[in-house]
Participant: 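Below are the structure tokens for one structure; questions will follow.
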Amino acid sequence: MNKELRQEQERVDSVMETITELIGKLEDETVRRRQEVVDIRKHFWDEVKVNTDTFDDYLETIISLRQQAQVLSVSQSTHKQAFKRLSALRRMQEVPYFGRIDFIEEGASAAERVYIGISTLTDTSGENFLIYDWRAPISSIYYDYPPGPAEYATPGGVIHGKLEKKGQYIIRGGIIESMFDTSLTIGDEILQQVLGKGTDTHMRSIVATIQREQNRIIRHDRGRLLIVQGAAGSGKTSAALQRIAYLLYKYRDRLKADQIILFSPNSMFNSYVSNVLPELGEENMQQVTFQEYLYHRLSNTFQVEDPYEQLEYVLTASDTSSYQTRAASIRFKASTRFFETLKTYRQSLELSGMLFKGIKFRGKTIVSAKQIAERFYSSDTSLRFHNRLEKLMEWLNERMNEVEKHELTKPWVQEEIELLSNEDYQKAYTYLLKKRGLTEESLNNYESEIEALGRIIIRKKLKPLRERIRTLRFVDIKGIYKQLFTEPTRIKPWIEGNTPEEWTDICLSTVKMLDEDKLFYEDATPFLLLKELIQGFQTNTSIKHVLVDEAQDYSPFQFEFLKRLFPSAKMTVLGDFNQAIFAHASEMVDFHTLTGLYGPDETDAINLTRSYRSTRPIVEFTRGLVPGGEQITPFERDGEKPVLTQLSDHAELHRCIASKVTDLQNQQYNTIAIICKSAAESTAAYEALSNVKDIKLIKSSSLEYEQGVVVIPAYLAKGIEFDAVIIYDASAQVYGDESLRRLFYTACTRAMHQLQLYSVGEPSPFLLSVAPESLLLNLT
């Protein structure tokens, strides 16, 4: 061991002793704090004197309650902080730090050695920093600069100086395994070691190897919108999650994990990234798919198609008579044109077109739909739309009051009173004494008692109707949306330009679905938008930051909706427009449409072109599959070239794939994906390969990302990486249409180390665009 390595190891040993000592102290403190919280909860009311005899007594009781609640809150917070710090220290026991900079501040006489890890550590005195958190301002130098002039921003201003040396460490269990001097790039050797290992069950956080462009994403802190366009495997998702950890650290006094939401591609992806933030010392944010949000809002009214059902139709029904109509419908309803059309349509409802549902009680109509409409359009039209709806609600509630009075003398009320059980009677009697301010003497008056009980019964029966009025469920949103499609020319007053050629058939298919209480996926967000425009947006102002991953899967319409849904939030949008595989791809978002959300002054864009996921030979092959792919830069990690095997039939295909899987398993690859074009093809492949040991079929309903051998549709594999990928059938028969080019590219870019392509018959024409030397042909 050379002298420098020995000195560095001695420092690691000293830091490890400090960590161990602090863990011991915190373990005791955490137990003690937890017991404090338990004791306070157990004896909470013992410390509170409840007395409401006089105003002063009441005030003293309130103050006593507040003081006790504050004591409990402080104890809970202290316990939580101690537990969080203990968790960070336990992670640091394995890897205390990973980087070091020697920085001499302008005006200083000597350089300061700054060691960087996942959390801050001071010595036992608390005065000297042993390790700086990777998110601390000074740590940005490590990611952004080579040796030479450097600077970093602090709340007090910019600190200038000189970076004299920069190094990286691989430390495991307190032992230095490797040390590197690094310059502009962040340790390619370390990155090779990290990426060269097989994938584990979850995405890894690799803060030691953040590149300069990724660091720009993490520390970006201006404007409302950050757009990250990143090539497949460029680390955009990892950088975005580390960005959240940075924001939670920097604004820890005013930003909490539950004020951040990630819209992810699917539930399986949620599982895949679930431990990244906890590894970085932060709580996990909220994670949801856009489909889950739509289901939450609409499932009580409609059976809503999910995006994968829509995509499965597009991938498998191209030879059906309805295909062109459906494809045109998807494109149009994904557009900002349709968004603006619905806004204009809603404005027109101020003059005419509102539809309502009549209100019935005990089988009789109290107010008809026609009467409600006449009232709405005869009221003060100078009022704002939503104020007119509020006035309408007030009028309907007055009608409910009239019904209550009218029904009080009806025989059914007397019958209901006579049918009351003793228990229900006693409950009603007690309620009247407490809530109605009646005395026992007045209640003993038979007529007063019957009238009071009658009112309780009627109000209970009317409660669902009053709730329906309160929630505006008497507005016929389905009918209003359906109006747009009842006749093809109806939309003309509200739309700019012409409707699609297939508009008549689009109208027929949309109405048919609505009549069956079903919604196409492309109708779900438009329907919800119209509902919000009429009833008032259910905005979420508590969310301060929104992340949208796989942004190319969202339509411009959906982004406009998200902007209005979270009016107080900043947004980080991640995508690779080369992986735009959904049916609205021709109406997909791009930098231009996204910039329009908040305007150029509030928008920044960062482009990541270097791919780290795959070996150099795989990247050199996959970048030839898409226009502009030459801009993608491969990472210097060698490996085997992708192999194309052409076969004559499916029986031979299944024999070859089964054999190749065994071969890959023998090479110790943990994750092997057999990627298919669609769910239908995946199911057929899975059944044909059932003899492969422990093979699993991944469906859109799958909740967990699993290791081993999986058969998976390409659209579910988005965002996930595998040690080895087998393209099930890369033939012209399967991947012949130009619209599938991006889906094919997405499938191939999932591979980290090995990519095997099989073709039953003539290979896909997409392979003609790749460099011939980037693909090996296996002639069987």
Participant: Answer yes or no: is there a side-chain heavy-atom contact under 4.5 Å between L225 and E602?
Facilitator: no
Participant: Is it true that, when you exclude E738 itself, more than 12 heavy atoms of the residues, nucleotides or ligands shown sit nearer than 6.0 Å to its CD?
Facilitator: yes
Participant: Report yes if the distance between the aromatic ring centroids of Y715 and Y308 is under 6.0 Å, otherwise no.
Facilitator: yes
Participant: Assess whether side-chain hydrogen bond (donor to acceptor under 3.5 Å, both in side chains) is satisfied between H753 and R613, documenting all intermediate values.
Facilitator: CA-CA 9 Å; H753 305 292; R613 172 186 297 140; over 6 Å; no
Participant: Nearest 0.5 Å please: distance from the CD atom of E640 over to the OG1 atom of T615.
Facilitator: 8.5 Å
Participant: Look at the rings of F332 and W503 and say which category their plane angle falls in: under 30° parallel, 30 to 60° tilted, over 60° perpendicular.
Facilitator: perpendicular
Participant: Please walk me through it: do Q754 and Q756 pass side-chain hydrogen bond (donor to acceptor under 3.5 Å, both in side chains)?
Facilitator: CA-CA 7 Å; Q754 282 222 21; Q756 300 285 327; 3.2 Å; yes
Participant: Within this structure, what is the CG-CD distance for the pair N607 and E213, rounded to the nearest 0.5 Å?
Facilitator: 8.5 Å
Participant: Could you measure the distance from the CD1 atom of I618 to the CE atom of M752? Nearest 0.5 Å is fine.
Facilitator: 9.5 Å
Participant: Drop me the distance from Q287's CD to L547's CG, to the nearest 0.5 angstrom.
Facilitator: 10.0 Å
Participant: Do I217 and L608 come within less than 4.5 Å of each other through their side chains, counting heavy atoms only?
Facilitator: yes
Participant: Quick check against the 3.5 Å criterion: does Q552 have a side-chain atom that pairs as donor or acceptor with the backbone of D576?
Facilitator: yes
Participant: Is there side-chain contact between C748 and L757, with at least one heavy-atom pair below 4.5 Å?
Facilitator: yes
Participant: Can a salt bridge be assigned to the pair R616 and D638 using a cut-off of 4.0 Å between side-chain N and carboxylate O?
Facilitator: no
Participant: In Å, rounded to the nearest 0.5 Å, how long is the span from CG of L226 to CZ of R216?
Facilitator: 8.5 Å
Participant: May I ask you to decide if the ring planes of Y554 and F263 are parallel, tilted or perpendicular, using 30° and 60° as cut-offs?
Facilitator: perpendicular
Participant: How close do A724 and L664 get, heavy atom to heavy atom, and via which atoms?
Facilitator: CB-CD1, 3.8 Å
Participant: Do R224 and T603 get their side chains close enough for a donor-acceptor pair, meaning under 3.5 Å?
Facilitator: no
Participant: Salt-bridge test for K250 and D221: reply yes if a basic N is under 4.0 Å from a carboxylate O, no otherwise.
Facilitator: yes
Participant: Could you check Q310 against E312 for side-chain hydrogen bond (donor to acceptor under 3.5 Å, both in side chains), going step by step and ending with a plain yes or no?
Facilitator: CA-CA 5 Å; Q310 182 200 70; E312 193 67 22; over 6 Å; no
Participant: Might you point out which heavy atoms bring A717 and I675 nearest each other, and give the distance in Å?
Facilitator: CB-CD1, 4.3 Å
Participant: Taking the side chain as every heavy atom from C-beta outward, state whether L247 and H545 have any pair of such atoms under 4.5 Å apart.
Facilitator: yes
Participant: Does the pair E305/R326 count as a salt bridge with the N-to-O cut at 4.0 Å?
Facilitator: yes
Participant: Evaluate whether atom CD of Q667 has more than 12 neighbouring non-hydrogen atoms of other residues, nucleotides or ligands under 6.0 angstrom away.
Facilitator: yes
Participant: Below 4.5 Å, heavy atoms only, C-beta onward: do Y143 and I218 meet side chain to side chain?
Facilitator: no
Participant: Apply side-chain contact (heavy atoms from CB on, under 4.5 Å) to F722 and I674, showing your working.
Facilitator: CA-CA 10 Å; F722 304 91; I674 300 164; over 6 Å; no
Participant: Between T341 (side chain only) and I495 (backbone N and O only), is there a donor and an acceptor less than 3.5 Å apart?
Facilitator: no
Participant: I'd like to know if the side chain of S731 and the backbone of P763 have a donor-acceptor N/O pair within less than 3.5 Å.
Facilitator: no
Participant: Can you check side-chain contact (heavy atoms from CB on, under 4.5 Å) on D604 and H220, steps first, answer last?
Facilitator: CA-CA 9 Å; D604 273 347; H220 183 274; 2.7 Å; yes
Participant: Could you walk me through whether I672 and D723 satisfy the side-chain contact (heavy atoms from CB on, under 4.5 Å) test, starting with their C-alpha distance in whole Å, then the side-chain angles of each, then the deciding distance to 0.1 Å, before giving a yes or no?
Facilitator: CA-CA 6 Å; I672 301 166; D723 292 330; 5.8 Å; no
Participant: Taking all atoms of both residues into account, what is the closest heavy-atom pair of E620 and P634, and its distance?
Facilitator: CG-CG, 4.3 Å
Participant: Please lay out, stage by stage, how S140 and Y246 fare under the test side-chain hydrogen bond (donor to acceptor under 3.5 Å, both in side chains).
Facilitator: CA-CA 11 Å; S140 65; Y246 169 75; over 6 Å; no
Participant: Determine yes or no for a side-chain-to-main-chain donor-acceptor pair under 3.5 angstrom, with R742 supplying the side chain and F577 the backbone.
Facilitator: yes
Participant: Taking R219's backbone N and O only, do any of them form a donor-acceptor pair with R243's side chain (distance below 3.5 Å, no angle check)?
Facilitator: no
Participant: Output yes when a side-chain donor or acceptor of T289 lies under 3.5 Å from a complementary backbone atom of E292, and no otherwise.
Facilitator: yes
Participant: When you check the gap from the basic side-chain N to the acidic O, do R750 and E721 get nearer than 4.0 Å?
Facilitator: no
Participant: Where is the tightest heavy-atom contact between S700 and L716, given as atom of each residue plus distance?
Facilitator: N-CD1, 3.4 Å
Participant: Once the angle between the rings of F290 and F561 is folded into 0 to 90°, is it parallel (under 30°), tilted (30 to 60°) or perpendicular (over 60°)?
Facilitator: perpendicular
Participant: Give a yes or no answer on whether the side chain of K544 reaches the backbone of A569 with a donor-acceptor pair at less than 3.5 Å.
Facilitator: no
Participant: Distance from D663 atom CG to C656 atom SG, nearest 0.5 Å?
Facilitator: 12.0 Å
Participant: Specify whether F98 and Y142 have parallel, tilted or perpendicular ring planes, treating 30° as the upper limit for parallel and 60° as the lower limit for perpendicular.
Facilitator: tilted
Participant: Considering all heavy atoms of both residues, which atom of R741 and which atom of P627 are nearest to each other, and what is their separation?
Facilitator: CD-CD, 4.4 Å
Participant: Under 3.5 Å, is there a donor-acceptor pair between the side chain of K696 and the main chain of Q707?
Facilitator: yes
Participant: Cation over ring, K641 on F621, under 6.0 Å and within 45°?
Facilitator: no
Participant: Start with the C-alpha gap between Y521 and E309, add the side-chain angles, then the distance that decides, and say whether side-chain contact (heavy atoms from CB on, under 4.5 Å) holds.
Facilitator: CA-CA 8 Å; Y521 182 67; E309 288 175 320; over 6 Å; no
Participant: Quick one: closest heavy-atom pair of Y728 and C676, and the distance?
Facilitator: CB-SG, 3.7 Å
Participant: Do L697 and T683 have side-chain heavy atoms sitting under 4.5 Å apart?
Facilitator: yes
Participant: Once the angle between the rings of F557 and F339 is folded into 0 to 90°, is it parallel (under 30°), tilted (30 to 60°) or perpendicular (over 60°)?
Facilitator: perpendicular
Participant: So for atom CD, which belongs to E501, do other residues, nucleotides or ligands contribute more than 12 heavy atoms lying within a distance under 6.0 Å?
Facilitator: no
Participant: Quick one, D553 with K718, criterion salt bridge (Lys or Arg N to Asp or Glu O under 4.0 Å). Give me CA distance, side-chain angles, the key distance, then yes/no.
Facilitator: CA-CA 10 Å; D553 293 351; K718 287 167 68 67; 3.5 Å; yes
Participant: Side chains of V288 and S264, heavy atoms from C-beta outward: is any pair under 4.5 Å?
Facilitator: no
Participant: Check whether any side-chain heavy atom of T622 sits under 4.5 Å from a side-chain heavy atom of S614, and report yes or no.
Facilitator: no
Participant: Are any side-chain N or O atoms of E522 and backbone N or O atoms of A334, one a donor and one an acceptor, separated by less than 3.5 Å?
Facilitator: no
Participant: We want to know whether S238 and Q242 form a side-chain donor-acceptor pair, criterion being a heavy-atom distance below 3.5 angstrom.
Facilitator: yes
